[in-house]
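Reckoned from all heavy atoms, side chains included, excluding hydrogens, waters and symmetry mates.
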Amino acid sequence: MKKPLKIIGILLLAIILTGFVFVWVKNEPLPEGGLSGKEADKLAQQMMTSLNYQAWQNTASVSWTFKGSHHYEWNKAEDIVRVKWDNHEVMLNTKTQSGIVANSQDYSAADIDELTQTAIDYFNNDSFWLCAPFKVFDHDTTRSIVTLADGRAGLKVTYNAGGSTPGDSYVWILNENHQPTAVKMWVSILPIGGMEFTWGNYQTLESGALVAQDHRAFDFLNVELTDIQ
């Protein structure tokens with residue numbers, strides 16, 4: 001019995017060491033410096049224009065499913081979003097960050113607070129994958145044009161406050177039409193600095209705004225949005 005346990009222990013150690021090596025190899029430092037001010041703001045405006053930002057502003061409502069598990073019906077005009085996951089449903093006010101839990105009589109006050117906070121965190125994260133390019137001028141953001149380790153230029157956006165994870169930074173990679181094709185992330189929830197996700201398979205909303213459905217990394221991971229309407 002000791003030999004199989006020893007083999008399992010060796011395999012687990014090998015997996016852990018492989019993980020550490022992978023993170024060490026893939027981890028990139030956040031690019032600093034670069035052009036800021038008018039040049040960076042102009043590039044940010046061009047990126048938003050390529051996705052029809054004005055149409056996004058005029059989009060009254062949008063719904064989508066995040067990775068097949070979190071479902072959203074967002075009334076942008078009234079700052080209200082219905083969040084559904086598992087057997088839970090919360091109606092959030094995105095301005096006041098407050099919520100009403102469906103079937104609240106079945107939950108304690110502590111449960112309601114926890115479900116509301118979970119819905120807020122889900123929405124903050126999952127709406128990023130829907131509309132992040134339209135949020136580069138959010139309150140307390142800074143923008144600069146930087147050069148990545150591989151020589152590519154990108155639009156760096158840092159969120160200094162707000163959301164669930166203030167301090168996160170993103171570098172957008174744009175094509176010749178200033179449309180995002182990928183984003184590299186330096187965020188607290190990811191163990192690898194500079195993890196890159198594609199930004200593609202665009203869908204045009206009824207309003208005319210473009211949103212990406214696929215966000216792929218490492219050729220096997222896809223943060224997929226479906227049922228976009």
Side-chain angles (χ1 to χ4, degrees), residues 47-139 141 157 159 161-166 168 170 179-180 183 185 187 189 197-217 221-229:
M47 178 178 73
M48 293 196 302
T49 299
S50 76
L51 302 177
N52 204 341
Y53 173 68
Q54 191 56 54
W56 173 254
Q57 288 294 88
N58 295 332
T59 300
S61 62
V62 60
S63 60
W64 77 100
T65 298
F66 176 82
K67 294 186 67 176
S69 57
H70 304 162
H71 310 281
Y72 298 90
E73 299 170 17
W74 186 8
N75 185 330
K76 288 175 71 260
E78 297 184 9
D79 302 305
I80 298 293
V81 58
R82 186 189 306 273
V83 186
K84 299 179 182 178
W85 74 99
D86 297 335
N87 60 337
H88 305 301
E89 180 179 327
V90 179
M91 189 73 76
L92 284 181
N93 184 308
T94 58
K95 275 196 171 180
T96 64
Q97 295 287 279
S98 59
I100 299 173
V101 176
N103 302 314
S104 58
Q105 68 276 4
D106 297 335
Y107 302 100
S108 67
D111 289 337
I112 290 173
D113 288 344
E114 182 178 349
L115 287 170
T116 301
Q117 187 58 53
T118 297
I120 291 170
D121 290 341
Y122 281 169
F123 176 72
N124 286 344
N125 177 78
D126 301 354
S127 62
F128 167 89
W129 300 95
L130 178 77
C131 61
F134 300 130
K135 297 173 64 62
V136 295
F137 284 97
D138 277 9
H139 175 67
T141 56
V157 182
Y159 294 82
S164 297
T165 55
D168 290 347
Y170 306 84
Q179 190 174 89
V183 64
M185 302 183 181
V187 299
I189 62 172
F197 288 85
T198 64
W199 210 266
N201 188 15
Y202 282 95
Q203 176 174 325
T204 304
L205 301 181
E206 187 174 335
S207 66
L210 276 70
V211 293
Q213 298 177 94
D214 291 336
H215 314 86
R216 299 182 183 274
L221 174 64
N222 185 14
V223 181
E224 183 184 22
L225 307 184
T226 55
D227 307 318
I228 300 176
Q229 298 182 35

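V136 and M47 make their closest contact through CG1-CE, 3.6 Å (heavy atoms, listed as atom of the first residue, atom of the second, distance). The minimum heavy-atom distance linking S127 with W64 is given by the pair CA-CZ2, 3.8 Å. When every heavy atom of P180 is checked against every heavy atom of S50, the shortest pair comes out as CD-OG, 4.1 Å. Closest approach of E78 to N75, counting heavy atoms only: N-OD1, 3.0 Å. Residues Y107 and A102 share a closest heavy-atom pair of CE1-O, 3.6 Å.
Residues satisfying the ring pair (Phe, Tyr, Trp, His ring centres under 6.0 Å) criterion with H215, sequence neighbours excluded, are W129, W199.
Between the side chain of S98 and the backbone N or O of N93, no donor-acceptor pair lies under 3.5 Å. For the pair E73 (side chain) and R82 (backbone), a donor-acceptor distance under 3.5 Å is absent.
For the atom pair CE of M91 and OG1 of T116, the computed distance is 12.5 Å after rounding to the nearest 0.5 Å. E224 contributes atom CD, which lies 10.0 Å from atom OG1 of T65 (distance to the nearest 0.5 angstrom). The CG atom of N52 sits 9.0 Å away from the OG1 atom of T204 when rounded to the nearest 0.5 Å. Atom CD of Q179 is separated from atom CE of M48 by 14.5 Å, given to the nearest 0.5 angstrom. In this structure, the separation between CE on M185 and CG on D168 is 9.5 Å, given to the nearest 0.5 Å.
In I100, the CD1 atom is not crowded: 12 or fewer heavy atoms of neighbouring residues, nucleotides or ligands sit closer than 6.0 Å. Atom CD of E206 is surrounded by 12 or fewer heavy atoms from other residues, nucleotides or ligands within 6.0 Å. More than 12 heavy atoms of other residues, nucleotides or ligands sit less than 6.0 Å from atom NZ of K76.
Considering only heavy atoms from C-beta on, Q213 stays 4.5 Å or farther from T226 through its side chain. For the pair V90/V81, no side-chain contact is recorded, criterion being any heavy-atom separation below 4.5 Å from C-beta on. Taking 4.5 Å as the limit, every side-chain heavy atom of S207 sits out of range of all side-chain heavy atoms of N58. Using a 4.5 Å cut-off on side-chain heavy atoms (C-beta onward), V211 and L225 make no contact.
The list of salt bridge (charged side-chain N to carboxylate O under 4.0 Å, His left out) pairs with a residue in residues 102-116, not counting sequence neighbours, is empty.
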Assess whether side chain to side chain contact (heavy atoms under 4.5 Å, CB included) is satisfied between T141 and Y159, documenting all intermediate values.
CA-CA 5 Å; T141 56; Y159 294 82; 3.4 Å; yes
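Residues Y122 and H88 bring no donor and acceptor atom of their side chains to less than 3.5 Å of each other.
Ring-centre distance between F128 and Y170: below the 6.0 Å cut-off.
Screening L130, L51, L210 for a side chain to side chain contact (heavy atoms under 4.5 Å, CB included) with W56, the sole residue that qualifies is L130. Of the residues listed (W74, F66, Y72), the one engaging V83 in a side chain to side chain contact (heavy atoms under 4.5 Å, CB included) is Y72, and it is the only one.
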